[in-house]
Student: 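Here you go, one structure.
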2 protein chains.
Amino acid sequence: MSDMIAPTRGAATLHDVAREAGVSLATASRVLNGSTRKVAESYRERVEAAAEKLGYTANLSAQATARGTSAIVALLVADIADPYFGQLAAGVARGADEAGLVVTIAITERDPQREVRLVRALRGQRPRGLILAASRVEGPDAAGLQGELDAFAGMGGRVVVVGPGGGTERSVAVDNRGGAAALGTELAGLGYRDAIVVAASEGIRTSDDRVAGFTEGFGAAGGSVREVRRTGFTRDAGYAAATELLADGGIAPGTLIFGISDVVAIGIMSAVRDAGRQVGGDIAVAGFDDIATGRDIRPGLTTVRVPLEDLGYRALHAATEPEWDAAEAPLALEVVVRGSTPPRS
Amino acid sequence: MSDMIAPTRGAATLHDVAREAGVSLATASRVLNGSTRKVAESYRERVEAAAEKLGYTANLSAQATARGTSAIVALLVADIADPYFGQLAAGVARGADEAGLVVTIAITERDPQREVRLVRALRGQRPRGLILAASRVEGPDAAGLQGELDAFAGMGGRVVVVGPGGGTERSVAVDNRGGAAALGTELAGLGYRDAIVVAASEGIRTSDDRVAGFTEGFGAAGGSVREVRRTGFTRDAGYAAATELLADGGIAPGTLIFGISDVVAIGIMSAVRDAGRQVGGDIAVAGFDDIATGRDIRPGLTTVRVPLEDLGYRALHAATEPEWDAAEAPLALEVVVRGSTPPRS
DNA sequence: TTGTAAGCGTTATCAG
DNA sequence: CTGATAACGCTTACAA
């Protein structure tokens with residue numbers, strides 16, 4: 001004579017489980033969620049059976065309000081369709097899964113105002129940590145952002161920025177400058193002497209660092225950067241910039257174009273070809289990041305490999321672990337030379 | 001003599017705001033969150049000022065437990081680094097942002113067991129909706145998954161599957177069969193007669209439908225599918241399959257290889273080239289989806305364009321809107337012929 | 001219109 | 001070891 005499957009509207013609650021098992025709320029809570037086990041085996045079994053039978057899953061929201069802390073990590077990226085962020089997000093997701101955390105994601109579309117708004121919205125979730133993967137730490141809206149971040153940190157959340165560390169928050173940095181310098185050196189070694197850089201607008205640290213590093217490395221090895229063109233971080237920005245360049249004054253054979261990221265470089269390659277020129281022996285192109293596409297296009301794209309997924313994975317840990325050693329083994333960057341920059345004899 | 005910025009540990013609570021503004025909790029709640037406005041202007045201002053001053057943001061968890069419903073939509077994808085899912089996710093995120101919802105994301109890694117586990121975990125968040133973008137609705141683990149989904153639906157959540165609709169849940173479908181048939185017809189029209197299909201394993205509806213459609217269209221127009229090779233949905237699977245094919249019996253010039261998705265097709269193209277063969281006039285390759293990379297490689301990849309972002313956007317709406325007309329204007333698919341399948345005289 | 005108070009599903013502190 | 005019971009931050013009848 002016991003209950004048929006109670007077709008309760010709404011999910012089974014802890015209360016239901018406790019009743020079904022004939023124990024108190026507290027006991028049920030202890031076996032199902034609490035960490036330190038101190039429940040008689042017989043009770044434990046009854047509770048587990050009841051939970052199973054009812055298909056009980058703890059209500060995370062309730063848990064969060066009661067515990068005062070959530071199991072959420074928020075991730076903010078510029079554009080999730082961009083492979084750069086996609087790989088990064090994959091690393092974050094993997095780490096979160098391992099740690100039993102849930103990832104909520106939001107897209108800034110590279111709009112600083114939007115970014116501020118999103119941080120504020122995410123703050124409402126009281127996430128354990130907030131990973132910022134696309135922020136310009138400078139510029140007019142920086143103050144607003146910083147305000148939100150401080151508020152978040154003030155309420156116990158941890159902010160992690162991927163890229164050049166802004167202020168006091170933790171950061172998972174990539175040695176953009178060093179990597180770009182190595183790339184410059186390598187390419188000068190291959191015989192290139194004349195380069196044009198297609199970068200993002202000034203004030204974006206990642207871009208600035210790559211420009212500086214490349215200029216430095218390329219220059220030190222005997223090359224010189226003739227021009228730095230400013231645009232955005234997208235494939236279309238690269239395409240447009242290269243098209244202009246090609247039209248403006250033309251580009252001499254043997255010139256090297258360094259795109260600030262692979263995505264940009266791929267746009268450049270397309271523009272070069274659409275202009276009837278050849279990528280490689282004619283106009284050389286290099287990028288940064290080593291996204292998957294760079295391996296599949298022909299010629300392959302010369303670039304600096306950034307272990308994007310690792311980066312995301314580390315960011316997740318930086319966002320969740322109490323202890324954090326900023327200086328721990330830095331991510332290894334590696335110059336990868338492919339067909340887009342053949343040796344110039 | 002009033003409070004200096006109270007450096008409260010933890011976030012400002014509604015209570016704090018109410019006290020600061022000198023109104024009741026209820027009033028504060030009404031102006032800050034409640035929908036129907038019925039608060040005197042003077043009070044409203046005081047509350048808003050207080051909230052602003054304290055940097056108050058509603059605690060979404062508390063709100064969710066109180067309201068009994070959250071502002072969350074959960075998204076389950078196979079692999080967020082895959083551009084297919086990336087674009088889809090972008091559409092979901094855009095729709096969610098417009099609707100004031102938060103997206104939480106989880107990665108199945110194409111592991112059915114994992115998928116079940118994740119759905120169960122996500123259920124804990126009591127999301128309004130759950131979007132499944134990578135599920136095999138068949139196979140041995142299907143029962144477990146279906147059980148979780150039913151449980152979710154039973155507690156008032158809405159399940160949306162992207163792709164072939166499984167059972168009673170809403171689905172945002174792509175006409176894989178029709179699109180593949182159109183592709184087959186088009187390619188036969190270009191003069192191809194002999195094709196090999198590289199597909200995912202049997203039982204995966206998306207793959208099966210594409211294979212069936214292609215075989216149908218290609219056959220009806222005079223071509224014939226010589227072989228269907230089964231592997232996975234990844235670039236590497238495509239690469240490996242093509243490499244085998246090339247080694248096994250060799251592939252005659254003029255043969256067409258249809259990869260079940262662009263990602264697979266791109267792997268195939270790389271394999272073809274690495275084997276010293278040419279993509280295009282020699283061995284033709286076609287894909288499905290039209291991911292961005294297909295436009296940037298040379299030759300360009302012939303494919304069927306699926307408006308991925310729209311698909312995600314629609315899925316989001318299917319997951320949140322009370323009314324839902326399944327048959328509403330189906331997504332327009334379009335065959336895009338590029339250089340990877342030049343006309344055969 | 002505004003305030004009081006009873007929940008929402010869990011956790012955690014105390015007595016038993 | 002177990003069970004009341006008071007929080008947690010917020011919403012929402014129900015009164016005033």
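Just so it is clear: chains get the letters A, B, ... in the order the sequence lines come, proteins before strands, and each one is counted from 1. No hydrogens, no waters, no symmetry mates; every other heavy atom, side chains included, goes into these values.
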Student: Regarding B:Arg158 and B:Thr320, do their side chains bring together a donor and an acceptor under 3.5 Å, going by distance alone?
Tutor: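 No, no side-chain donor-acceptor contact under 3.5 Å.
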
Student: In plain terms, say whether B:Asp16 and B:Arg19 are close enough for a salt bridge, that is, a side-chain N and a carboxylate O under 4.0 Å apart.
Tutor: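 Yes.
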
Student: To the nearest Å, how far apart are B:Asp16 CG and D:dC10 C1'?
Tutor: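 About 13 Å, once rounded to whole Å.
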
Student: Are more than 12 heavy atoms, taken from residues, nucleotides or ligands other than A:Glu98, located less than 6.0 Å from that residue's CD atom?
Tutor: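 It does: A:Glu98 CD has more than 12 such atoms within range.
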
Student: For each nucleotide in nucleotides 10-16 of chain C, reading 5' to 3', give B when a protein heavy atom comes within less than 4.0 Å of its base, S when such contact involves only the sugar-phosphate, and - otherwise.
Tutor: BSB----

Student: How long is the span from the CD1 atom in B:Ile72 to the CG atom in B:Leu130, to the nearest 0.5 Å?
Tutor: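 Going from the CD1 atom of B:Ile72 to the CG atom of B:Leu130 covers 12.0 Å.
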
Student: Only one of B:Arg44, B:Arg30, B:Arg46 passes side-chain contact (heavy atoms from CB on, under 4.5 Å) with B:Val23; say which it is.
Tutor: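 Only match with B:Val23 under side-chain contact (heavy atoms from CB on, under 4.5 Å): B:Arg46.
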
Student: Just one of A:Ile131, A:Leu122, A:Ile105 clears the side-chain contact (heavy atoms from CB on, under 4.5 Å) bar with A:Leu76, so which one?
Tutor: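 The residue from A:Ile131, A:Leu122, A:Ile105 that satisfies side-chain contact (heavy atoms from CB on, under 4.5 Å) with A:Leu76 turns out to be A:Leu122.
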
Student: In a check of side-chain hydrogen bond (donor to acceptor under 3.5 Å, both in side chains) between B:Thr57 and each of A:Arg126, A:Arg123, A:Gln125, which one passes?
Tutor: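 So, applying the side-chain hydrogen bond (donor to acceptor under 3.5 Å, both in side chains) to B:Thr57 and each of A:Arg126, A:Arg123, A:Gln125, only A:Arg123 qualifies.
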
Student: Without hydrogens or angle criteria, can the side chains of A:Asn59 and A:Gln63 be said to hold a donor-acceptor pair below 3.5 Å?
Tutor: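 Side-chain D/A pair, A:Asn59 to A:Gln63: absent.
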
Student: Figure out the CZ/P separation between B:Arg19 and D:dG9, and round it to whole Å.
Tutor: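 Atom-to-atom, B:Arg19 to D:dG9, this comes out as 12 Å.
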
Student: Taking only the side-chain nitrogens and oxygens of A:Ser24, find out if one of them lies under 4.0 Å from OP1 or OP2 of D:dA4.
Tutor: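 For D:dA4, OP1/OP2 do not have a side-chain N/O of A:Ser24 under 4.0 Å.
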
Student: Could you check how far CD of A:Glu41 sits from C1' of D:dT2, rounded to whole Å?
Tutor: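 Computing the A:Glu41:CD to D:dT2:C1' distance gives 16 Å.
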
Student: How bent is the helix from C:dT1-D:dA16 to C:dG16-D:dC1, comparing axes over its five end pairs at each side, to the nearest 10°?
Tutor: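 It comes to 40° between the two terminal axes.
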
